[in-house]
J.: 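Okay, here's the structure, questions in a sec.
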Amino acid sequence: QVQLVESGGGLVQPGGSLRLSCAASGITFSNYAMSWYRQAPGKERELVAITRSGGGSTNYADSVKGRFTISRDNAKKTAYLEMNSLKPEDTAVYYCSARWVLSEYWGQGTQVTVSS
């Protein structure tokens, strides 16, 4: 059974930092591209960052470039999203996704709220 479990969300003040984790089980983690998406109330889900298998190349949404860093630890089967200089507009439910060929799996999401 495949599971992706996100953790690390919470309430943080503007300018603060959070580190999200996505622990995977039931998959050959190193084969999968790992992504973080987010969905704010009333908005569509958007891709935040992706780290690919193999060399682990990364891409980011323009809105988070320079503030967020995605990484992965294949030995721990875990992907991370380091979020710095957080803004109120970063408030959303953050989801991790694992994708390989035609297989795609999602976590249950973790809430991030940026507010003073």
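Bear in mind the structure is a predicted one, so any value in this text is a computation, not a measurement.
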J.: Distance-only criterion, 3.5 Å: show the donor-acceptor pairs between side-chain atoms of residues 17-24 and protein atoms not counting sequence neighbours.
T.:
{"unit_1": "Ser17", "atom_1": "OG", "unit_2": "Asn84", "atom_2": "OD1", "d": "2.8"}

J.: Quick check on the hydrophobic clustering: are Val93 and Val114 connected, directly or via other members, by side-chain heavy-atom contacts under 4.5 Å?
T.: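 Val93 does not cluster with Val114.
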
J.: Quick check: are there more than 12 heavy atoms from other residues, nucleotides or ligands sitting under 6.0 Å from CD of Glu89?
T.: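 Yes, enclosed.
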
J.: Checking Thr58 now: which residues fulfil side chain to side chain contact (heavy atoms under 4.5 Å, CB included) with it, not counting sequence neighbours?
T.: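 Partners of Thr58 by the side chain to side chain contact (heavy atoms under 4.5 Å, CB included) criterion, ordered by chain and then number, come out as Thr51, Tyr60, Ile70.
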
J.: Relative to each other, are the rings of Tyr105 and Tyr32 parallel, tilted or perpendicular (30° and 60° limits)?
T.: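 Ring orientation, 0 to 90° scale: tilted.
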
J.: Between atom CE of Met34 and atom OG of Ser53, what is the distance when rounded to the nearest 0.5 Å?
T.: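 Going from CE on Met34 over to OG on Ser53, the span is 11.0 Å.
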
J.: Rounded to the nearest 0.5 Å, what separates atom CG in Leu4 from atom OH in Tyr95?
T.: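 That separation rounds to 13.5 Å.
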
J.: If I compare all heavy atoms of Leu47 with all of Ser35, which pair ends up nearest, and what's the gap?
T.: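 Scanning both residues, the minimum pair turns out to be CD1-CB, 3.8 Å.
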
J.: Give a yes or no answer on whether the side chain of Glu6 reaches the backbone of Gln108 with a donor-acceptor pair at less than 3.5 Å.
T.: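 Yes, because the side chain of Glu6 sits within donor-acceptor range (under 3.5 Å) of the backbone of Gln108.
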
J.: Quick check, are the ring centers of Phe68 and Trp36 under 6.0 angstrom apart?
T.: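 When the ring centroids of Phe68 and Trp36 are compared, they turn out to be at least 6.0 Å apart.
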
J.: Apply side-chain contact (heavy atoms from CB on, under 4.5 Å) to the pair Ser97 and Glu104, showing each step before the final yes or no.
T.: CA-CA 7 Å; Ser97 165; Glu104 184 174 24; 3.6 Å; yes

J.: Output yes when Lys65 and Asp62 qualify as a salt bridge under the 4.0 Å nitrogen-oxygen rule, no when they do not.
T.: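 Salt bridge: yes.
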
J.: Is Phe29 reachable from Val2 through a run of I, L, V, M, F, W or Y residues, each pair having side-chain heavy atoms under 4.5 Å apart?
T.: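 They do share one cluster, since a chain of ILVMFWY contacts under 4.5 Å joins Val2 to Phe29.
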
J.: Is any side-chain heavy atom of Met83 closer than 4.5 Å to a side-chain heavy atom of Val112?
T.: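 In short, these two side chains touch, coming nearer than 4.5 Å.
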
J.: Quick check: do Glu46 and Arg38 have side-chain heavy atoms less than 4.5 Å from each other?
T.: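 They are in side-chain contact.
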
J.: Go through the steps to decide whether Gln111 and Thr91 satisfy the test side-chain contact (heavy atoms from CB on, under 4.5 Å), and finish with yes or no.
T.: CA-CA 8 Å; Gln111 176 71 46; Thr91 295; 4.0 Å; yes

J.: State, to 0.1 Å, how close Pro14 and Ser115 come at their nearest heavy-atom pair, and which atoms those are.
T.: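 Where Pro14 meets Ser115 most closely, the heavy atoms are CD-C, 3.6 Å.
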
J.: Decide if atom CH2 of Trp106 counts as having more than 12 heavy atoms of other residues, nucleotides or ligands within a radius under 6.0 Å.
T.: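 Atom CH2 in Trp106 is packed in, count exceeds 12.
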
J.: Between the main-chain N or O of Ser116 and the side-chain N or O of Gln13, is there a donor-acceptor pair closer than 3.5 Å?
T.: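 Flag not set: sc Gln13 to bb Ser116 has no pair under 3.5 Å.
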
J.: Indicate if Trp100 and Tyr37 have the same hydrophobic cluster label, given that clusters are the connected sets of ILVMFWY residues with side-chain heavy-atom separations under 4.5 angstrom.
T.: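 In one cluster with Trp100: Tyr37, no.
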
J.: Quick check on Arg99: does its CZ atom have over 12 non-hydrogen neighbours (other residues, nucleotides or ligands) under 6.0 Å away?
T.: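 No.
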
J.: Do Asn59 and Arg52 have side-chain heavy atoms sitting under 4.5 Å apart?
T.: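 Yes, their side chains come closer than 4.5 Å.
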
